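Working notes, structure below.
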Amino acid sequence: MTSTGTSLNGSLAMLTDLYELTMAYGFWKNAMLDTRAAFHLSFRENPFRGGFAISSGLGSVIDYLEGFRFTREDTEYLGSLKGIDGTDLFSREFLDYLMGLRFECDVDAPPEGTVVFAHEPLLRITGPILQCQLVESLLLNLINYQTLIATKAARVVLAAEGDPVIEFGLRRAHGINGSLSASRAAYIGGCSGTSNVLAGQKYGIPVAGTLAHSWIMAFDDEFEAFEAYARALPNNTILLVDTYNTLEGVKKAIEIGERMRREGHELAGVRLDSGDLAWLSQESRKLLDEAGFQNTVIAATNDLDEFIIASLKQQNAAITLWGVGTRLVTAYNQPALGGVYKLSAVRRDGGDWKYRIKLSEQAAKISNPGILQVRRFERDGTFIGDMVYDVMSPPESRPMMIDPLDVTRRKRFDQARTESNDLLIPIFRQGTRVYDPPPLEEIRRFAAAQLQRIHFGSRRLINPHQYAVGLEEKLHALKTKLVLEARGMRTLPAEKTR
């Protein structure tokens, strides 16, 4: 039995920030239950100073939204909360309303494993504003972390240049559910398996493992330890050789391998966990090859990440299997994706949508108005640009997009000469799921194929090529107009001086 995402038992409606509930109470008290809203979840910078991200977490979102409800136990706790004057924070009538509440929104998103970029929506939620608001915190939690880990895994896998990468991060992950989310997202990002047995059971991810130094130290000498392990698991013998002296350990592993062959088994591999991994792997390879163990793999662990693996590759390290743990599941050097969830439009009493915008002194933090969609253009099988547009005003036949952070950066697409598709697809309609998530293995293959369709420069680990993402021309004009109006101007400052 596999699961679409990661979830705790029961509803997670209470896994939210208090201000989501206080705002929901405010909407309820102000008779705004019929007010509709559009929210979009996006991030402002590609993670790890890279050129892309891999969307992940949609399976968990589906689990969460399908099970969304408040129980009596939940409302009893909420009823115990007090305001600063000591009176009840929420009325009994509102808590009764919450108990009867069921999710009724529309949700659109790119399929999991889609390669995505800064400034474009990963989720669009439209529906009653109270409900859209209540789900904000956990949607950010699920999408932010899993997208971050899937992206980190993809970078590590790219650095490994085709060698298998196993996620080994359970013991360093941020909690139980964090470890499960990390294993799932890392598999989507391209890892070949995980050491996390529960993740293997829950999601169908292949599991892998060797042995620890404690096994070696439990015996009187290293050779005895190797011999005992090979006798116990002759079909899974990867020996950790660096407990005392790495190359001497390799020689002992070879002797064990020769004994195994006489009994009809093979030494699967040796693992290096410390020292000069480039030199030790090269010397280990020589010893193994000279002894006739050309097919015995050399695995490496020891706080690896994409940069260390790339460096070892450049040094011609003879490593063919990589175990990556701490720096993968903790998203080393960028602890958070920084995703945001912004209101972009409201509609009251069945009227027209009224677009909203949030201002900032930082251009990157000014939100985009509208009911947004992303159109991806490609030529000869390669993605060449993503245009964010308002579904109420779709692109023309030769649309132009404008970089929201630099209006001089523009790109026009001839739709007669390029192929295109819209990334956000229906996931829920009026609270009912209309999308069947594919198996995790299929999502993983899809993510790998997506990465091969962006320019190789965008996959570089350092100073990547900037993939073109921008606002459709009419949307950019609308955003500019709303910014000027919000700042008390009707025209650009330069135009006033003419």
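Keep in mind that this is a model prediction, so the values were computed, not measured. Values reported hereafter were calculated over all heavy atoms of this structure, with side chains retained and with hydrogens, waters and symmetry mates removed.
T147 places no side-chain N or O within donor-acceptor distance of the main-chain N or O of N144, the cut-off being under 3.5 Å. Remark: side-chain polar atoms of K411 are paired, donor with acceptor, to backbone N or O of I384 under 3.5 angstrom. Side chain of S458 to main chain of P464: no donor-acceptor pair is present (N/O by atom type, distance under 3.5 Å, no hydrogens or angles). S179 contributes no side-chain N or O that, together with a main-chain N or O of A173, makes up a donor-acceptor pair within less than 3.5 Å. Listed for the E472 side chain is no donor-acceptor partner under 3.5 Å among the backbone atoms of P395. A donor-acceptor contact shorter than 3.5 Å is absent between the side chain of Q201 and the backbone of V197. The closest donor-acceptor contact from the side chain of T480 to the backbone of H476 lies under 3.5 Å. When atom types are taken as modelled, the side chain of E112 and the backbone of G57 share a donor-acceptor pair closer than 3.5 angstrom. A donor-acceptor pair is defined here as one N or O able to donate and one able to accept, closer than 3.5 Å; no such pair exists between the side chain of Q146 and the backbone of A185. Side-chain atoms of D305 come within 3.5 Å of backbone atoms of I308 as a donor-acceptor pair (strictly under, hydrogens ignored).
No hydrogens or angles considered: nothing links the side chains of R172 and T330 as a donor-acceptor pair under 3.5 Å. Between the side chains of T71 and D74, at least one donor-acceptor pair of N or O atoms lies under 3.5 Å. Between N302 and S274, the side chains place no donor N or O within less than 3.5 Å of an acceptor N or O (distance only, hydrogens not considered). Between Y389 and D422, the side chains place a donor N or O and an acceptor N or O closer than 3.5 Å (distance only, hydrogens not considered). A donor-acceptor pair shorter than 3.5 Å cannot be found between the side chains of E76 and S80.
Aromatic ring pairs are classed by plane angle as parallel below 30°, tilted from 30° to 60° and perpendicular above 60°; the pair F68 and Y64 is perpendicular. Note on ring orientation: taking the six-membered ring where Trp is involved, the planes of Y97 and F94 are parallel (angle under 30°, cut-offs 30° and 60°).
For P439, the side chain to side chain contact (heavy atoms under 4.5 Å, CB included) partners two or more places apart in sequence, or in a different chain, are E442. In terms of the side chain to side chain contact (heavy atoms under 4.5 Å, CB included) criterion, residue partners of Q452 (sequence neighbours excluded) are, by chain and number, R459. Applying the side chain to side chain contact (heavy atoms under 4.5 Å, CB included) rule to A268 yields the partners I238; only residues at least two apart in sequence or on another chain are considered. By the side chain to side chain donor-acceptor pair (under 3.5 Å) test, N368 pairs with K479, sequence neighbours left out. Listed by chain and number, the residues in a side chain to side chain contact (heavy atoms under 4.5 Å, CB included) with D403 are L405, D406, R409, Q466 (sequence neighbours excluded).
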| said: Pair T22, F90 - check side chain to side chain contact (heavy atoms under 4.5 Å, CB included), show working. | reply: CA-CA 8 Å; T22 57; F90 302 113; 4.2 Å; yes
| task | Take F383 and F377 through the side chain to side chain contact (heavy atoms under 4.5 Å, CB included) test and state the conclusion after the steps. | result | CA-CA 6 Å; F383 301 149; F377 294 88; over 6 Å; no
| Full working for side chain to side chain contact (heavy atoms under 4.5 Å, CB included) between L65 and I427 | CA-CA 11 Å; L65 294 178; I427 308 299; over 6 Å; no
| Are F413 and R375 close enough, and set up right, to give a side chain to side chain contact (heavy atoms under 4.5 Å, CB included), and what steps lead you there? | CA-CA 11 Å; F413 298 99; R375 182 158 296 176; over 6 Å; no
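Among residues at least two apart or in separate chains, there is no ring pair (Phe, Tyr, Trp, His ring centres under 6.0 Å) pair with a member in residues 160-201. Among pairs with a residue in residues 355-367, those fulfilling side chain to side chain donor-acceptor pair (under 3.5 Å) read Y355-D390, at least two apart in sequence or across chains. Identified under the salt bridge (Lys or Arg N to Asp or Glu O under 4.0 Å) test for residues 51-61, with sequence neighbours left out: none. Listed by first and then second residue, the side chain to side chain donor-acceptor pair (under 3.5 Å) pairs involving residues 149-171 are K152-E306, R155-E306, D163-K313, D163-W322, E167-S183, E167-T194 (not counting sequence neighbours). A salt bridge (Lys or Arg N to Asp or Glu O under 4.0 Å) check over residues 331-343, counting only residues at least two apart or in different chains, returns nothing. Judged as a ring pair (Phe, Tyr, Trp, His ring centres under 6.0 Å), the pairs with a partner in residues 423-458 (not counting sequence neighbours) are, in order, F103-F428, H455-H465.
A salt bridge does not link R347 to D34: none of the charged side-chain nitrogens sits closer than 4.0 Å to a carboxylate oxygen.
Rounded to the nearest 0.5 angstrom, N177 CG and N141 CG are separated by 8.5 Å. A distance of 9.0 Å separates OG in S181 from CD1 in I149, rounded to the nearest 0.5 Å. Considering OG of S192 and CG of L321, their distance stands at 8.0 Å, rounded to 0.5 Å. Separating the OG1 atom in T35 from the CD1 atom in I129 is a distance of 6.5 Å, to the nearest 0.5 Å. In this structure, CD1 on I366 lies 11.0 Å from CG on L482, to the nearest 0.5 angstrom. Distance CG/L21 to CD/Q133: 10.0 Å, rounded to 0.5 Å.
Contact between S137 and D17 at its shortest, heavy atoms only, is OG-OD2, 2.7 Å. Shortest non-hydrogen contact noted between L140 and Y341 is CD1-CB, 3.9 Å. In terms of heavy atoms, A212 sits closest to L240 at C-CD2, 3.7 Å. L461 and A159 get closest at one heavy-atom pair: CD1-CB, 4.3 Å. Here the closest non-hydrogen pair linking D386 and E120 is OD2-OE1, 3.0 Å. Nearest approach of I166 to A208, heavy atoms of both residues: CG2-CB, 4.1 Å.
Within a 6.0 Å sphere centred on CD1 of I176, other residues, nucleotides and ligands contribute 12 heavy atoms or fewer. Applying the 6.0 Å contact sphere to CE of M99 captures more than 12 heavy atoms from other residues, nucleotides or ligands. Residue R72 places its CZ atom among 12 or fewer non-hydrogen atoms of other residues, nucleotides or ligands, all under 6.0 Å distant. More than 12 heavy atoms of other residues, nucleotides or ligands sit less than 6.0 Å from atom NZ of K82. Enclosure of atom CZ in R49 is not indicated, since only 12 or fewer non-hydrogen atoms of other residues, nucleotides or ligands lie within 6.0 angstrom. Crowding of E104 atom CD: a count of heavy atoms from other residues, nucleotides or ligands under 6.0 Å exceeding 12.
Between P404 and V388 the shortest side-chain heavy-atom distance does not fall below 4.5 Å.
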Check: residues 36-47 side-chain donor-acceptor pairs under 3.5 Å, at least two apart:
residue, atom, partner, partner atom, Å
H40, ND1, S344, OG, 3.1
H40, NE2, L372, N, 3.0
N46, OD1, A118, N, 3.0

